[in-house]
Amino acid sequence: MSRILKSVNEAIGNTPMVHLSRIAAQAGVEGNIFAKMEYLNPGFSKKDRVALQMIEEAEEAGLLKKGQAVVELTSGNTGTGLSIVCAVKGYHFIACMSKGNSTERARMMKALGAEVVLVDQAPGSVKGQVSGEDLARVEETAQRITRERGAFRADQFNLAATVNAHEQHTAKEMWEQASGNIDVFVDFLGSGSTFQGCASGLKKFRKDIRCYAVEPCAAAIYAGHCITDGAHKIQGGGYSMDLPLVDKTLIDGFIQVSDGEAIETARALARTEGVFAGFSSGANVCAALKLLGGIERGKNIVLTLNDSGLKYLSTDLYEDL
Ligand SMILES: Cc1ncc(COP(=O)(O)O)c(C=O)c1O
């Protein structure tokens, strides 16, 4: 039975899973896509799960104490999750973000009480396209502020808590909601915590579930492609860098998605399924459709719809429809 929650932190996770049958039918592919609606979390993204787990594990380990500030590098979603979790628990949160990310995110974090530090992009970088080099600049700033303020660094690219959030919760929910009818998992890599947590969690339930890493065509470093400039529009990932959280032996295959394909699929999701999501959700569903139209024909694919389309109203994702 539902109950009154003590805070919004308790509303994180346990997202609904939806059968995306309309978009699969429209694409003329055989098989099923089961999607976790992560944009229904309080911060409108899957990163709320990671934020809550990082803070609670740090509290339990005595690494985060009352009155201490929390710092993180963010493309916006982890920062929004941390803003929420810290607001509820009474920690001061400092978000370090590239100016290349959409402005909605910075505004939302500020509204939630966070201090937002915006970092200039590298020379030649394009607004809306955050490169690995841009991210390295934000990392430098995050490290400096952590030192200066004696803060706790909620390090989403390195802390095991981020993987635990998806292994202990997202993967378990997927398995239960799909009644174990899962053949394939696809995921667009950012920090890799969703991939790592869900792939390891799902393979514990059934070891032959195949897990595909999704990357932008322009930044398919894990697939071993040569990177020219690495620029792309799929915010939240595709950073062309090594990901310490990812165990490469869990990757059974690679799929590349172009900016245009991610955008077209996100738009099709809105029109056909009533799902208003961001670029990377479009990338995940596009990858699943490619697999159902090819080597995974007829199979059941699970994935996450990572964040809300509302976070991209200042971009070209839903412009000029
Ligand atoms: C919108 C969006 N999609 C995908 C990702 C990548 O997820 P992960 O870091 O778990 O690989 C992120 C990460 O910030 C994100 O914000």
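Note that ligands are numbered from 1 as they come in the structure, with each ligand's atoms numbered from 1 the same way. All values derive from a computational prediction rather than experimental measurement.
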Exercise for review: Output the list of atoms in ligand 1 that are nearer than 4.0 Å to some heavy atom of N77, sorted by atom number.
Suggested key: 1 (C), 2 (C), 15 (C), 16 (O)
Review point. So, F254 versus Y222, ring centres under 6.0 angstrom or not?
Key: no
Check your understanding: Heavy-atom contacts under 4.0 Å between H166 and ligand 1: side chain, backbone, both, or neither?
Key -> neither
Point to revise | All side-chain hydrogen bond (donor to acceptor under 3.5 Å, both in side chains) counterparts of S7, not counting sequence neighbours | key: none
Review point. Does T194 approach ligand 1 within less than 4.0 angstrom via side chain, backbone, both or neither, non-hydrogen atoms only?
Key: both
Point to revise | Residue and atom name of the nearest protein heavy atom (relative to atom 13 (C) of ligand 1), distance in Å to one decimal | key: K47 CE, 3.0 Å
Practice item. For S280 and N306, test the side chains for any donor-to-acceptor distance below 3.5 angstrom and give the result as yes or no. Key: yes
Practice item. Work out whether the distance between some heavy atom of K46 and some atom of ligand 1 is less than 4.0 Å. Key: yes
Exercise for review: Answer yes if the side chains of T272 and Q26 hold a donor-acceptor pair under 3.5 Å, and no otherwise.
Suggested key: no
Practice item. May I ask you to list the atoms of ligand 1 that are less than 4.0 angstrom from any heavy atom of G192? Key: 8 (P), 9 (O), 11 (O)
Study note, to complete from the structure: Taking only non-hydrogen atoms of G190 and a 4.0 Å limit, the atoms of ligand 1 in range are 6 (C), 8 (P), 9 (O), 11 (O)
Study note, to complete from the structure: ligand 1 atoms nearer than 4.0 angstrom to some heavy atom of S280 are 1 (C), 2 (C), 3 (N), 4 (C)
Check your understanding: Which atoms from ligand 1 have a heavy atom of D307 less than 4.0 Å away?
Key -> 1 (C)
Check your understanding: When only distance counts, is S191 in polar contact with ligand 1, meaning an N/O pair under 3.5 Å?
Key -> yes
Practice item. Assign the ring pair F279 / Y312 to parallel, tilted or perpendicular, where the plane angle (0 to 90°) is split at 30° and 60°. Key: perpendicular
Review point. Which of the atoms in ligand 1, numbered in the order shown and given with their element, are less than 4.0 Å from a heavy-atom of N306?
Key: 3 (N), 4 (C)
Check your understanding: So between S193, G237, G236, whose heavy atom ends up nearest atom 6 (C) of ligand 1?
Key -> G236
Practice item. List the steps, then state whether salt bridge (charged side-chain N to carboxylate O under 4.0 Å, His left out) holds for E167 with K203. Key: CA-CA 10 Å; E167 182 169 342; K203 282 178 191 264; over 6 Å; no
Review point. Does ligand 1 have a heavy atom under 4.0 Å from the side chain of Y312, from its backbone, from both, or from neither?
Key: side chain
Check your understanding: Are Y318 and F276 near enough that their ring centres are under 6.0 Å apart?
Key -> yes
Review point. With no hydrogens and no angle check, do the side chains of K46 and T194 hold a donor and an acceptor under 3.5 Å apart?
Key: yes
Practice item. Output yes when E173 and R49 qualify as a salt bridge under the 4.0 Å nitrogen-oxygen rule, no when they do not. Key: yes
